[in-house]
Amino acid sequence: MNTISVTFPDKTQRTYEQGITPLAIAESIGPRLAQSAVAAEVNGIVRDLTVPLSENSQVNILTGESPQGHEVLLHSTAHLMAQAVKELFPDAKVTIGPAIQNRFYYDFDIEGTFSEEDLRSIEAKMKEIARRKLSISRKELTRQEALNLFSSMNESYKVEILEAIPEDDIISAYSQGDFVDLCRGPHVPDTGKIKYFKLLDSSGAYWRGDEKNKMLQRIYGTAFATKQGLKDYLYQLEEAKKRDHRKLGKELELFTFDEEVGPGLPLWLPNGTILVEELESLAKETERKAGYLRVRTPHLTKGKLYERSGHLEHYKDSMYPAMDVDGIDYYVKPMNCPHHHKIYAALPRSYRDLPIRLAEYGACYRYEKSGQLFGLMRVRSMQMNDAHIYCTQDQFKQEFLDVCKLYLYYFKIFGIEKYEMRLSLHDPAELGGKYINAPELWLQTEQAVREALQEGNLNYTEIPGEAAFYGPKIDVQVWSAIGREFTLATNQVDFAIPERFNLTYTDEAGHEQTPLCIHRAPLGTHERFIGFLIEHFGGDFPLWLAPIQVAVLPVSEKSLAYAREVQSLLIEHNIRADLDTRPDKIGAKIRQSELKRIPIMLIIGEREARDRTVSLRRRFEGDLGSVNMDTLIPRFVEEIKQRRLPHRKTR
RNA sequence: GCCUACGUAGCUCAGUCGGUAGAGCACUUCCUUGGUAAGGAAGAGGUCACCGGUUCAAAUCCGGUCGUAGGCUCCA
């Protein structure tokens, strides 16, 4: 019998008989490894544990705790669920069931829907099948065999998938007991490997994600290699719910929605308004230093402007319908750009004036489809920290880089560590169609953007074919504590202006030239940004943002007069201070302030009144002892001015 | 927009078989004047989302509308 040499990740080598399976290798290393193995990475490819090895190989036995192993486990759990569904609902047709981040789903075509009880009984059936320890085996089929098999099973979706598989791909099916599924694999060797799982929820999902197709029923679930892993994940989901900006927004009285006002139209309560205005101050201060000029424009505009801008042609579905004013169509604005272009065009411009950076906290209205609305993250009325930079070709790279640096400046202030910049490029094949036909301009600008990013040492990924119709763009993705991904900031280059708005400047030689326009919103919209911040900070805002910065808490009415003095002193120094005059005990007042997540508490009893001091208590730090107000106030003022982050880690 | 679920006091939520509305917190008043996460008592607070239907009788059953949530799709 021939032998082969197997190399392990730690570079050790062992010799085995040719045809040995990774499972047998795992057994030879130790029973515990064999027990927890779910798949094997053979020469860099994740494979089934039961595939025999025919040649010298590098082998990494994967347990369900490795990322690749976890994916296999999740995928196999999806199959287990499909088997359970087929046993309970024989008429259900299976479609696809992939693993996603920490979860899996499977889409079924059934009559009606899955109820909560259905999920429970499916889960119970899954446990039962898992206990049967059915071995999971792979079989490679010819296209015709596969078509015959799935046609005979009446699995029309599988037949449809088969028809779309390219000619030379290997077609494989996995079976466990009576259940057979068309699948590329790999899978765990038997259902007994699947121990710790939970079905999370069900919902509708279109076949192939296309709303023209039939609505299928999707079930989401999760699975882990260990009991603790599952427990931790479910705990994490619970914790994430506590940080949900909609829940915190209510608890901390930041914003509200009202049925009579309308969906997606947030009302900012006084506490939330403080957040909005602090962000505005930050942006105004930053932009003033960066040479931006502030402008203001109306909310209503004639349709003619949006014909010129191209919005009515490309964007009409997302605009509120026109209102008729004296026989002329007027629209509420969905974007500020056309107005800013008009401001640029209002005066003759020389190359000496450029770059011109026009900034506005402009309110916009977009008609989002009702199903898209989501708390503050997706709304119909919004305010953007918008600006448009008009510059020459020569100035473009520097201007673009400066904008990107602005992002980083803001991210540092907010302690945003995880973000991703996505550079969306045009697709040359669609010039003149999806993209305006200016091939040289595209290439030249995209290259300038790349260089700007590289010079700024910014990490980014390139996404071909995702640019706006008028130019390349950078979107900045961030992830909220709940794990939702959001496009917060955007930075776009606009080529469409020259032809549509006739914007010009006079160059050194006295010739008319067309400027480039950069459209940028580093904080995106107030609504989404604050929604994100609420989740990012879990409601514990840094001092400069906290709606109530200081709670003044008198121990009893005897020290109320001095407490009032302290509050006035704080307010004089522009510190937002609340005074708790309720006849509660000090413990209760502290609890209330803690629940409201007020960062600083000043406790004032007779001792403090006598010594003219305060007892300082900070959230997450507790009692910090008695301090003189004269030393305390400059410290608070400085912390606010520098916009320092809280001591505690925010994520 | 589509699928599904949900909508009861300011908030969080009970409410059985259809028989006319409940708790905790918050709020108001009173007692208590206290020392670092809940002192005590009383009171007030509801068109059970809205509209219609079935019924002697609807928070409860049925239909519609509005809103919210989880998805699908799309985006700041």
Side-chain angles (χ1 to χ4, degrees), chain A residues 105 107 112-116 200-220 241 244 246-247 250-251 253 256-264 315 317-318 334-336 364 366-380 382-386 468 473 475-478 485-492 519-529 531-532 553-560 582-596 601-608 615-619 621-626:
Chain A
Y105 67 83
D107 289 346
T113 60
F114 292 113
S115 66
E116 297 270 322
L200 298 170
D201 45 24
S202 65
S203 65
Y206 298 106
W207 167 234
R208 296 197 154 152
D210 188 335
E211 62 186 350
K212 289 185 207 78
N213 287 340
K214 185 166 183 190
M215 175 77 68
L216 307 171
Q217 293 303 312
R218 173 174 298 182
I219 302 178
Y220 284 94
K241 273 188 203 161
D244 191 311
R246 293 164 298 185
K247 183 175 152 66
K250 205 178 264 182
E251 282 172 14
E253 297 174 16
T256 189
F257 290 91
D258 186 283
E259 218 173 294
E260 285 191 52
V261 174
Y315 203 75
D317 287 348
S318 298
M335 290 181 186
N336 303 304
C364 297
R366 297 182 187 174
Y367 180 74
E368 298 289 346
K369 288 193 277 180
S370 63
Q372 320 286 30
L373 300 175
F374 173 70
L376 283 182
M377 301 295 198
R378 195 70 181 270
V379 292
R380 285 178 171 171
M382 70 210 78
Q383 220 183 334
M384 280 192 280
N385 79 115
D386 212 354
K473 63 172 180 174
D475 289 318
V476 184
Q477 307 296 120
V478 294
E485 180 187 335
F486 289 97
T487 305
L488 264 198
T490 184
N491 190 2
Q492 309 180 345
H519 170 127
R520 42 114 280 178
L523 299 178
T525 65
H526 280 324
E527 286 73 15
R528 185 175 288 182
F529 197 77
F532 171 79
L553 309 178
V555 173
S556 78
E557 279 174 30
K558 289 180 186 162
S559 38
L560 186 55
R582 294 172 311 166
D584 276 325
K585 282 187 158 183
I586 190 65
K589 291 181 185 178
I590 289 169
R591 182 164 192 276
Q592 278 309 309
S593 300
E594 290 280 357
L595 289 176
K596 285 197 254 174
M601 281 165 252
L602 299 181
I603 289 137
I604 287 168
E606 291 180 83
R607 259 201 322 271
E608 286 76 18
S615 173
L616 174 65
R617 181 190 164 96
R618 287 198 72 140
R619 205 161 143 70
E621 293 176 66
D623 188 354
L624 298 170
S626 283

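The chains referred to below are lettered A, B, ... by the order of the sequence lines, with proteins before strands, and numbering in each begins at 1. Because the structure is predicted, anything quoted here is derived from the model rather than measured.
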Self-check item: A:K250 side-chain proximity, nearest of B:rG1, B:rU12, B:rA69
Solution: B:rU12
Quiz item: Heavy atoms under 4.0 Å, any strand shown: does A:A588 hit a base, just sugar-phosphate, or nothing?
Solution: sugar-phosphate
Quiz item: What about A:R218, does its side chain sit under 3.5 Å from the base of B:rC72 through a donor-acceptor pair?
Solution: no
Quiz item: Quick one: does A:R366's side chain have a donor or acceptor within less than 3.5 Å of a partner on A:P334's backbone?
Solution: yes
Quiz item: What does A:F529 touch in the nucleic acid at a heavy-atom separation under 4.0 angstrom: a base, only the sugar-phosphate, or nothing?
Solution: nothing
Quiz item: Are there more than 12 heavy atoms of other residues, nucleotides or ligands under 6.0 Å from atom CG of A:D317?
Solution: no
Self-check item: Shortest side-chain distance from A:S556, nucleotide among B:rG34, B:rA38, B:rG67
Solution: B:rG34
Quiz item: Quantified in whole Å, what is the P atom distance between nucleotide B:rG53 and nucleotide B:rU60?
Solution: 14 Å
Quiz item: What do the steps show when you test A:R218 against A:D107 for salt bridge (charged side-chain N to carboxylate O under 4.0 Å, His left out), and what is the final call?
Solution: CA-CA 4 Å; A:R218 173 174 298 182; A:D107 289 346; 2.6 Å; yes
Quiz item: For atom CD of A:E251, is the number of surrounding heavy atoms from other residues, nucleotides or ligands below 6.0 Å larger than 12?
Solution: yes
Quiz prompt | Integer-rounded Å distance: B:rC72 C1' and A:R378 CZ | solution = 13 Å
Practice problem: Kindly determine whether A:S370 and A:Q372 satisfy side chain to side chain donor-acceptor pair (under 3.5 Å), including the steps that lead there. | Solution: CA-CA 5 Å; A:S370 63; A:Q372 320 286 30; over 6 Å; no
Quiz prompt | Residue A:Q372, side-chain heavy atoms: nucleotide from B:rC74, B:rG67, B:rA76 that is nearest | solution = B:rC74
Quiz item: Separation of A:K369 atom NZ from B:rC74 atom P, in whole Å?
Solution: 9 Å
Exercise. Indicate, yes or no, whether a donor-acceptor pair under 3.5 Å links the base of B:rG1 to the side chain of A:Y206.
Key: yes
Practice problem: Classify the side chain of A:Q217 and the base of B:rG71 as holding, or not holding, a donor-acceptor pair under 3.5 Å. | Solution: no
Self-check item: Note: A:D623-A:R617 ion pair, threshold 4.0 Å (strictly below)
Solution: no
Practice problem: Give one of base, sugar-phosphate or nothing for A:T490, where a contact means two heavy atoms less than 4.0 Å apart. | Solution: sugar-phosphate
Quiz item: With distance as the sole criterion, do the side chain of A:E368 and the base of B:rA76 form a donor-acceptor contact below 3.5 Å?
Solution: yes
Quiz item: Which nucleotide, B:rA37, B:rG35, B:rC72, lies nearest any side-chain atom of A:I586?
Solution: B:rG35
Practice problem: Rounded off to whole Å, could you give me the CD-to-C1' distance for the A:E259 and B:rU68 pair? | Solution: 9 Å
Exercise. Taking only the side-chain heavy atoms of A:R607 (C-beta and beyond), determine which of B:rG1, B:rG35, B:rA26 contains the nearest atom.
Key: B:rG35
Practice problem: Using a 4.0 Å heavy-atom cut-off across all strands, classify A:G625 as base, sugar-phosphate, or nothing. | Solution: nothing
Quiz prompt | Base B:rC27 paired with A:R582 side chain (donor-acceptor, <3.5 Å) | solution = no
Quiz item: Can you list the stems that include RNA chain B, where a stem is three or more consecutive Watson-Crick or G-U pairs with distances under 3.5 Å?
Solution: B:1-7 with B:66-72, B:10-13 with B:22-25, B:27-31 with B:39-43, B:49-53 with B:61-65
